[in-house]
Number of protein chains: 2
Amino acid sequence: MIKPRSRRGGGRPTIADVARKAGVGAITVSRALREPGRVSEDLRRQIESAVNELGYVPDPNARALASARAEVFGVLVPSLTNNVFAEVVRGIYDSLSDGPFRIQLGNTHYSGLEEERLLQVFGPQRPAALIVAGIDQTPASRKLLETAGCPVVQVMETGLDPVDMMVGFSHFQGGKAAAEHLIEAGYRRIGFIGARMDPRSQRRLAGYRAAMEAAGLFDPRLTTTTPVPSSVTLGRELFRDALAKVPSLDAVFCNNDDIALGVLFECHRASIAVPKTIGIVGFNDLDMMEVAFPSVTSVRTYRYEIGRRAVAMALAAIEGNRPEQRVVDLGFELKRRESTAR
Amino acid sequence: MIKPRSRRGGGRPTIADVARKAGVGAITVSRALREPGRVSEDLRRQIESAVNELGYVPDPNARALASARAEVFGVLVPSLTNNVFAEVVRGIYDSLSDGPFRIQLGNTHYSGLEEERLLQVFGPQRPAALIVAGIDQTPASRKLLETAGCPVVQVMETGLDPVDMMVGFSHFQGGKAAAEHLIEAGYRRIGFIGARMDPRSQRRLAGYRAAMEAAGLFDPRLTTTTPVPSSVTLGRELFRDALAKVPSLDAVFCNNDDIALGVLFECHRASIAVPKTIGIVGFNDLDMMEVAFPSVTSVRTYRYEIGRRAVAMALAAIEGNRPEQRVVDLGFELKRRESTAR
DNA sequence: ATGAAAAGTGGTAGCGCTACCATGACGTTA
DNA sequence: TAACGTCATGGTAGCGCTACCACTTTTCAT
């Protein structure tokens with residue numbers, strides 16, 4: 001006599017239980033759940049009530065195994081705590097929370113190697129889609145993305161050569177707009193302060209440089225950067241360094257808002273007038289920039305919207321209608337505020 | 001003739017391929033991967049090289065189905081963007097990234113109902129452990145946690161009645177310490193400003209109240225709260241409200257650092273001297289509080305450490321040795337800074 | 001030397017679900 | 001009326017892995 005393996009599932013109802021209760025075949029239950037339109041009204045109702053009575057919830061693992069496709073979105077970001085990426089993840093999460101898809105989060109710690117490793121781990125899971133931050137994947141990562149067999153969305157930036165799809169904006173243009181604004185406001189010795197110079201920061205710097213060179217104002221001594229992770233504390237220190245190096249500094253374009261905030265606080269502490277003596281521009285436009293005193297000019301980026309749009313595009317691609325526009329530029333907006341109003 | 005279903009997996013090697021190549025049974029490969037100690041040195045080496053040659057990576061879905069246990073940690077937090085929870089998640093992530101465990105993230109949006117829904121969705125996945133923020137689960141959620149059949153760690157707070165394990169600290173004591181510090185510093189009309197009054201904030205408020213009552217200083221008019229989500233902007237507005245209500249206000253204990261920052265900026269804007277005219281205390285001690293000008297006194301909490309410890313406890317429980325100490329209090333530290341130094 | 005336990009290995013039978021094909025009941029067209 | 005499609009449903013055979021047992025070989029105490 002064959003003893004069935006003691007229901008390892010702890011007695012959770014299976015699709016067979018539902019089928020028995022509803023008096024139909026298991027496959028019909030499966031269909032009723034996934035494509036209700038293909039099952040007759042009658043059976044659908046019977047199945048629904050059986051599902052409710054038993055409290056049946058499909059086992060995602062069995063489903064993934066049988067269909068060779070997990071209802072999972074793989075999401076790779078360089079940091080979990082950086083508010084910018086947290087907002088992207090929130091956008092992804094909110095767009096996914098109605099549907100059946102789960103999120104599998106990966107933190108690359110700004111490392112291409114770690115990204116490769118994570119992609120390797122994600123692969124066997126057969127995710128329904130992959131969303132990765134950035135466009136500077138290593139060749140190996142790129143190959144993994146190309147052969148993943150699912151929609152891929154690169155987010156945060158736009159570029160010319162998407163693996164599949166892209167949603168973001170031009171960091172170069174953002175940096176350029178920031179610098180041009182400072183130039184237009186009458187500042188001349190405009191510094192660039194940046195921490196954790198990832199590829200996006202590099203492109204902001206390039207944009208700054210382009211604007212400065214166009215105005216004949218570029219001077220390499222005006223640039224102060226470090227590979228160290230960004231923080232408000234670091235912003236303050238870098239600003240001190242910059243000022244020591246170039247006492248004539250009259251404005252700074254900061255890599256991001258944390259750095260800008262550090263600069264602002266240091267100005268307060270050292271009684272440096274903002275925007276009179278020093279103009280400040282940040283990047284990303286966190287909530288607090290508007291409330292700061294003086295309020296800080298910043299380049300507004302649409303992180304949450306990027307997350308949402310990435311999911312929308314991936315979902316469309318899963319349904320078979322890949323958007324004809326593979327690269328979506330959500331742009332940015334320079335928010336002019338008191339810190340540069342002189 | 002039976003045609004095998006066209007390798008849906010896209011031709012990825014399976015455990016059978018490895019077994020064939022190594023000249024052993026599939027089950028031995030499985031064992032070599034999961035419990036290397038139970039396989040002889042020789043076979044282990046052969047299997048390892050077969051694995052490397054083929055680039056074999058086990059399918060987590062098949063594994064989960066067969067073993068009725070997914071290598072997944074379910075993590076429920078009320079917010080993805082609130083830095084406090086982002087740090088907890090980071091701690092969890094970092095502690096898990098060496099091992100085989102993935103993270104399944106759930107955002108409850110501070111809603112008990114949403115928490116219930118998520119727990120319902122997580123259940124069928126048979127997670128290896130569940131980490132949930134807070135100790136105020138609904139009765140239904142509590143039951144779901146109790147019957148989840150895996151280790152459960154409640155984080156961020158400590159309480160008397162853990163579902164299984166707990167890591168956190170006492171928000172009541174934190175609030176009390178903050179208020180006592182202000183009283184000791186000589187402030188008398190000490191307000192409480194709070195947004196999004198979740199249970200943790202309520203307990204901080206209770207701690208504040210206890211300290212104020214003990215000193216004979218409590219006055220309900222000193223408390224200004226709102227259920228609206230917290231932000232720096234909101235901090236500024238609530239502070240204005242509080243000041244309009246009680247012009248004699250001489251200090252505020254803020255629900256969290258965002259609010260405190262809003263207060264600080266408003267003080268700058270309205271030329272209110274800090275700490276002379278108004279003392280400010282925040283909660284959580286974000287990086288920037290130390291750099292702010294004036295630097296802001298805050299209650300330091302160990303979010304990252306909470307995440308790490310939660311994982312350590314869960315992992316131990318999975319291994320079968322549940323720590324004898326079910327409730328771990330990681331405490332807090334009041335960081336005294338310029339904003340209350342008068 | 002002998003029995004018994006321990007260690008190492010493999011076969012079989014699922015885990016819960018869905019892809020694939022088969023079936024039968026209906027139209028629908030020529 | 002025959003031939004053919006379409007629709008609704010079900011049966012069967014796996015997806016890739018591991019639990020459970022069985023079997024052999026080794027080790028060890030007596």
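What you are looking at is a predicted structure, and each value in this text was computed from that prediction instead of being measured. Residue numbering restarts at 1 for every chain, and letters A, B, ... go by the order of the sequence lines.
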Given the rule in the side chain to side chain contact (heavy atoms under 4.5 Å, CB included) test, do A:F85 and A:V75 qualify, once you have shown the distances and angles that lead to the verdict?
-> CA-CA 11 Å; A:F85 297 107; A:V75 176; over 6 Å; no
Go through the steps for A:R90 and A:Y304 under the test side chain to side chain contact (heavy atoms under 4.5 Å, CB included), then give the verdict.
-> CA-CA 7 Å; A:R90 187 170 63 91; A:Y304 181 76; 3.5 Å; yes
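Between the side chains of A:T138 and A:E116, at least one donor N or O lies within less than 3.5 Å of an accepting N or O. Residues A:Q137 and A:Q154 bring a donor and an acceptor atom of their side chains to less than 3.5 Å of each other.
Across D:dC17, D:dT18, C:dG16, the shortest atom-to-atom separation from the side chain of B:S67 is found for D:dT18.
Taking atom CG of residue A:D59 and atom P of nucleotide C:dC17, one finds them 6 Å apart after rounding to whole Å. Whole-Å rounding puts the A:R126 CZ to D:dC15 C1' distance at 9 Å. The CG atom of B:N61 sits 11 Å away from the C1' atom of D:dC17 (whole-angstrom rounding). Separating the CZ atom of B:R69 from the C1' atom of C:dC15 is a distance of 14 Å, rounded to the nearest angstrom. Rounded to an integer number of Å, the gap from A:R20 CZ to C:dC17 P is 12 Å. In this structure, A:L65 atom CG and D:dG14 atom C1' are separated by 9 Å, rounded to whole Å. In this entry the distance linking CD1 of A:I15 with P of C:dG16 reads 11 Å, nearest Å. Distance, A:Q125 CD to D:dC17 P: 13 Å, rounded to whole Å.
A salt bridge is defined here as a Lys NZ or Arg NE, NH1 or NH2 lying under 4.0 Å from an Asp or Glu carboxylate O, and B:K143 with B:E146 fails to meet this definition.
No option in A:R63, A:R102, A:R34 other than A:R63 meets the salt bridge (Lys or Arg N to Asp or Glu O under 4.0 Å) test with A:E71. Checking B:T28, B:N52, B:D42 one by one against B:I47, the side chain to side chain contact (heavy atoms under 4.5 Å, CB included) holds for a single residue, B:T28.
Applying the salt bridge (charged side-chain N to carboxylate O under 4.0 Å, His left out) definition to pairs two or more places apart or across chains, none involves residues 305-315 of chain A.
Contacts of residues 22-53 of chain A with DNA chain C (heavy atom under 4.0 Å): A:I27, A:S30, A:R34.
Using a distance-only test at 3.5 Å, with no hydrogens or angles considered, a donor-acceptor pair links the side chain of B:R69 to the main chain of B:P127.
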Polar pairs (N or O, both sides) under 3.5 Å between protein and nucleotides 23-26 of chain D?
none

